[in-house]
**Q** 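Here it is, the structure, as structure tokens.
Chain A is the first sequence line, chain B the second, and so forth, proteins listed ahead of strands; every chain is numbered from 1. Everything quoted here is computed from the prediction, not taken from an experiment.
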Amino acid sequence: MDGRVVLRMAPFPSGSLHIGSGRMLFVNQHYRERYHGRLLLVFDDTVGSEEKRVETEFFDLILGDCELAGVRPDEVLYKSDRIGRHYPWARRVIERGAAYVCRCPAELLRENRAQGRACPERSQTPPEARDEWDRMLGGSYAPGEAVLRLKTDLADPDPAFRDRVLFRISDLDHPRVGHRYRVWPLLEFSWAVDDIELGITHILRGKDLVVEDRMERYVWDLLEVPGPPFLHWGLLRVREAKVSKSKSYREVKTGVYDGWADPRTWSLRSLDRRGITMEALREFTLSFGMSLTDIEVPAETLYAENRQRIDARTLRRAFVPEAVRLVIDGYPFDLAQVELANHPDRPELGRRTVRAGPELYLARPDLQAHAGEEVRLKDLVNIRLPTDAPVAGGTARAEFTSRPNQRLPRLTWVAVPGAVPVDILEVDGSHRIGFGEAALADAEPRATYQFERVGFVRLDDAPAGTRPVRVVFGHP
RNA sequence: GCUCCCGUAGUCUAGUCCGGUCAAGGAUUCGGGGCCUUCGACCCCGUAACGCGGGUUCGAAUCCCGCCGGGAGCACCA
């Protein structure tokens, strides 16, 4: 087994991979590594349909998703390059008397199938079928006028399995191969062929494709070729991620979403943008094993996995949302600045000097929650808050009370001089604006921080110096 | 409706093939406590599960039957 395993992943290029479809990447990668095998990426880009079009931009997008996830396929192939190889297989099936060219309109075909009724063409002899097949290939039929169908059992309990269509005619312009082919195989048959021709040893895929197993197996048995075993995983949904691929597609296309990295897509790249590491995502995904159960997991589980990985190396910074300017009467003059640790438990991550002073920004929600109370400004002094909280952007006065650390509610603050405007992009696409401490002024793009009492955020990939500083919320 | 698949704590998972070592392990959540100048981290403690009903057996989460519940598919899409 070791070293001889060949796996394949077959995405349809219609969007970026999201948290659920990413499972394909991690599972295949996992088994590839475990058995030192090969992993092929085969774009399942047969011609599709009017509703399901192949779009070239998605080839690169998906390749980028793989790269991001740290999955490097040994080979990248396109089904659309391989269509010619499927025709001889069709011929073999016809020779066995197991396929015929059906000229029923789609409507009638479906009805007959539902009734378990045979179409007149079903009785074609192999030579007749071959002639008809040649006419199909030769262009005698228009799209919809003829299909090649497999003879199974019209009494099969599963109607979907009765004489499935193997090839159909389509005039759609394919973005890679144009009009090179008119006769296109359907997914099941194309895989029955390619899984053999590519020497695939194990097929690992989502259970949405289990019916297709049966078709592939049927063709292999018919042609007396041994085929690889199938393994499936159930549906994985993240509770908070109500993603629909078509919705994401629409919103990205119309610009409602900020591209495929918009947090609302829950795409791999959006998670990366939020500072969720691919290692965490990989562990998270793999933890579900190959169970056939459909599962719904709270995002918190993923967040916990990520927190475990990044907490110890992530620098702390102060951020104040819905900032209110607070002038503190009686503030001690010698406390113009304080030196703070970058991480409470990791001295090796260094320290920074932060401006303090009598003019500070505080969060309006904090002011409201503790109106009139004495509070501790974290790492600074104790003050008494005003009884009325002004609106965000307003100013209020507070009163210095004492210096020593006391067990009081601890609030986050940012000195007004040098405060950096920050815009947090939330998971639901909304924005939270506020001020961050001055140290954020020269933060590197893509750097991850923990905003104390807010959560883990990652800087967007904007040029340094962009104001407000754009960050994306990761998780608490 | 038909076909296939799946049911272990709030959530996810180990165990089910090959019955005993499972009075069910782990993770996360939640509750309580400790510690640290974050509501984060860390440490300690705790709550909590074999869908239901029969059967086989000395013994069932594990095998059999029935029921109930959930999911997916039923395209000339992938």
**Q** Can a side chain N or O of T46(A) be found less than 4.0 Å away from OP1 or OP2 on A78(B)?
**A** yes
**Q** Starting the side chain at C-beta, find the nucleotide from U37(B), A78(B), G73(B) nearest to N405(A).
**A** U37(B)
**Q** Taking only N and O in the side chain of R316(A), is any of them less than 4.0 Å away from OP1 or OP2 of G40(B)?
**A** no
**Q** Provide the distance between the two C1' atoms, one in A60(B) and one in U21(B), to the nearest whole Å.
**A** 15 Å
**Q** Distance check, P atoms only: G70(B) and A23(B), in whole angstrom units.
**A** 32 Å
**Q** Mind checking the CZ-CG spacing from R162(A) to L109(A)? Nearest 0.5 Å is all I need.
**A** 12.5 Å
**Q** Side chain of V165(A): nearest nucleotide among C6(B), C76(B), U29(B)?
**A** C76(B)
**Q** Tell me what L186(A) touches on the nucleic acid: a base, only sugar-phosphate, or nothing, going by heavy atoms under 4.0 Å.
**A** sugar-phosphate
**Q** What's the closest nucleotide to the side chain of K52(A) if the choices are G73(B), A41(B), A78(B)?
**A** A78(B)
**Q** Output yes when K378(A) and E452(A) qualify as a salt bridge under the 4.0 Å nitrogen-oxygen rule, no when they do not.
**A** yes
**Q** Touch check for A106(A), heavy atoms < 4.0 angstrom, all strands: base, sugar-phosphate only, or nothing?
**A** base
**Q** Rounded to whole Å, please give me the gap between CD in Q308(A) and C1' in U28(B).
**A** 10 Å
